[in-house]
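Structure first, then comments.
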Amino acid sequence: MSSAESVLIKNGKIVNCDGVKDGDVLIQGGKIKSVGVGLTPPAGARVIDAGGKYVMPGGIDAHTHLNMPFMGTTTADDFYIGTKAAIAGGTTMIIDFVIPAKGQSLLEAYDQWQGWSEGLVCCDYSFHCAVTWWSEQVKKEMEILVKEKGINSFKMFMAYKDVLMLRDDDMYLCFEHCKKIGALAQVHAENGDIIAENAKKVLAAGISGPEGHEMSRPEEVEAEATNRACVLASQVNCPLYVVHVMSKSAGDVIASKRNEGCVIFGEPIAAGLGTDGSNYFCKSWRHAAAHILSPPLRPDPTTPGYLMDLLAKGDLQATGSDNCTFTHEQKKMGAEDFSKIPNGVNGLEDRMSVIWEKGVHTGKMDPARFVAVTSTNAAKIFNVYPQKGAILEGSDADLVIWDGDATRMISAATHHHATDNNIFEGMTCHGVPVFVLVKGKVCVEGGKVTGTKGWGKFVPNLPFTPFVYDPVRKRDAELKAKWKPVERDGYNGEMMSMAKK
Ligand code: URP
Ligand code: ZN
Ligand code: ZN
């Protein structure tokens, strides 16, 4: 099917981030042509009766790692498998991370990632880029990436010491530079120095299993780094997006900094909203290791519900998956030492269902807030709104017909990922995508994924995103107005001479 074919979705409950209304959606040439009541199908159009089910913007997952070389191996999901899993679950756009090695050219890494994704991707995609070292070259390349390559966000790691970690002084300079070029700074917030010391201590105490992972990176280590990143970004009024918020206290830091007026966004992920750190204490090594990611899941079982509450009330804004999958065989690299277990879990396919189950089905959020946190807010933050994240005339026809009452059971036996494990194994979720359309093309229907390799295209993300930079400019003006010198009379007291006698 070409993007030029027409589809009329009738009898839907159309959900946008600001509300729900009954109606039809007409799609032509891959775009939404009109939204209204009683629309007539053009000749030859396919008519899909939504039968009163929700019609929502497809999910946007702004945190994935497909085909990523990491910790001595490469993530199991490549750009084809990963995006096939995405659309199976109702996600129709991803933003993946280009991660240059320390000392590597950012432009060279960008080309690598473009090469790994080209022709394979089933839905549209963009990239963030990580800054893992600092120099004049990095500064120049960041500017080129923003002006010429469609990148508008840069991630800094405060953990993975000696591998990806950036120190505070370099982070400060990087924040300053992001602000100058109109980019959004992102942080992985964990104190890498503390973790490195703690890991040695935990191993020396004879704990080599997966439980040592969380023991060496407790909640306060995440909260401290989250606070430090907010403070550093605030010094130069650089907008900040904290990726994978995994703990109650890190979430609280973001909420309170936002209250103070800092331009900060927080992203909990499917893993942290759907399960918890009790899994690390499971007797089965394979089960426990499959749940290793950083920052870790928290043993406090009230954490997922607490993060969902923050998301529902607007203290956290967008959700990702941090999809970074490894097979049991790959996880075995850390059989003798938890610090060598490749960090990462699944979530790209199941994020939408998990959030529906834990957020909407529990009554914590309504379908409009669901759309905001799974799609629209990411589109606004990364500057692809209203092309993405909305059911509006002219938007891309990336949408999902969603049955909020149907259920499905998550399992590695049936998922579309390349892995033999799933951290949500056995969980039954309300919320099932019945149809998924990517740029007007039906890619999921009746539980079958018919997505096409290469149907997705790279979407450039432009700088100075209004949603992000309008409040930054306002805050700049407020800060400038506050910075007034004290009016004084000139000094007229005694002067001490420093001249040598
Ligand atoms: O454990 C994780 N989160 N793996 C992916 C890399 C990262 O830190 O985002
Ligand atoms: Zn990270
Ligand atoms: Zn990640």
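One-based numbering, in listed order, for ligands and for the atoms of each.
At least one N, O or S atom of His65 sits under 2.8 Å from the Zn ion (ligand 3).
The ligand atoms of ligand 1 that sit less than 4.0 angstrom from a heavy atom of His63 are 9 (O). When each atom of ligand 1 is checked for a heavy atom of Leu293 under 4.0 Å away, the hits are 1 (O). Within ligand 1, counting atoms from 1 as listed, the ones closer than 4.0 Å to a heavy atom of His188 are 8 (O). Taking every non-hydrogen atom of His65 and a distance limit under 4.0 Å, the qualifying atoms of ligand 1 come out as 5 (C), 6 (C), 7 (C), 9 (O). Proximity to Cys324 (heavy-atom distance under 4.0 Å) selects the following atoms of ligand 1: 4 (N), 5 (C). Close approach of ligand 1 to Lys155 is summarised as follows: ligand atoms under 4.0 Å from at least one heavy atom of the residue are 7 (C), 8 (O), 9 (O).
The number of heavy-atom neighbours closer than 6.0 Å to NZ of Lys248, taken from other residues, nucleotides and ligands shown, is above 12.
Using a 4.0 angstrom heavy-atom cutoff, Met71 does not count as in contact with ligand 1. At least one heavy atom of Phe157 sits less than 4.0 Å from an atom of ligand 1.
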Tyr160/His188 under side-chain contact (heavy atoms from CB on, under 4.5 Å): CA gap, chis, key distance, verdict: CA-CA 10 Å; Tyr160 306 120; His188 171 133; 3.6 Å; yes
CA sep, side-chain torsions, deciding dist, call: Glu176, Lys179, salt bridge (charged side-chain N to carboxylate O under 4.0 Å, His left out): CA-CA 5 Å; Glu176 196 171 51; Lys179 165 89 178 290; over 6 Å; no
Worked verdict on Glu349 versus His415 for side-chain hydrogen bond (donor to acceptor under 3.5 Å, both in side chains): CA-CA 8 Å; Glu349 180 164 351; His415 70 197; 5.5 Å; no
Evaluation steps, ring pair (Phe, Tyr, Trp, His ring centres under 6.0 Å), between Phe382 and Tyr241: CA-CA 10 Å; Phe382 297 103; Tyr241 182 98; 5.1 Å; yes
Derivation and outcome, side-chain hydrogen bond (donor to acceptor under 3.5 Å, both in side chains), residues Asn346 and His417: CA-CA 8 Å; Asn346 62 289; His417 293 284; 4.7 Å; no
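In this structure, Asp193 pairs ionically with Lys161, as a charged nitrogen and a carboxylate oxygen lie closer than 4.0 Å. Using a cut-off of 4.0 Å between Lys/Arg side-chain N and Asp/Glu carboxylate O, Lys457 and Asp396 are scored as not salt-bridged. Here Lys140 does not pair with Glu143 in a salt bridge; the nearest charged N to carboxylate O distance is not below 4.0 Å.
Residue contacts with ligand 1 for Tyr160 involve side-chain atoms from C-beta outward but no N, CA, C or O (heavy atoms, distance under 4.0 Å).
In summary, the side chains of Asn323 and Asp61 do not present any donor paired with an acceptor at a separation below 3.5 Å, with no hydrogens or angles considered.
Protein heavy atom closest to atom 4 (N) of ligand 1, with residue, atom name and distance, is Asn343 O, 3.1 Å. Summary of contacts: the protein heavy atom closest to atom 3 (N) of ligand 1 is Asp322 OD2, 2.6 Å. With hydrogens left out, the protein atom closest to atom 1 (O) of ligand 1 is Ser294 N, 2.8 Å, a heavy atom.
Distance check: Ile254 CD1 to Cys262 SG gives 11.0 Å after rounding to the nearest 0.5 Å.
Proximity of Glu108 to Asp111: side-chain heavy atoms (C-beta onward) are nowhere separated by under 4.5 Å.
Distances under 2.8 Å from the Zn ion (ligand 2) pick out the protein N/O/S atoms Lys155 NZ, His188 ND1, His244 NE2.
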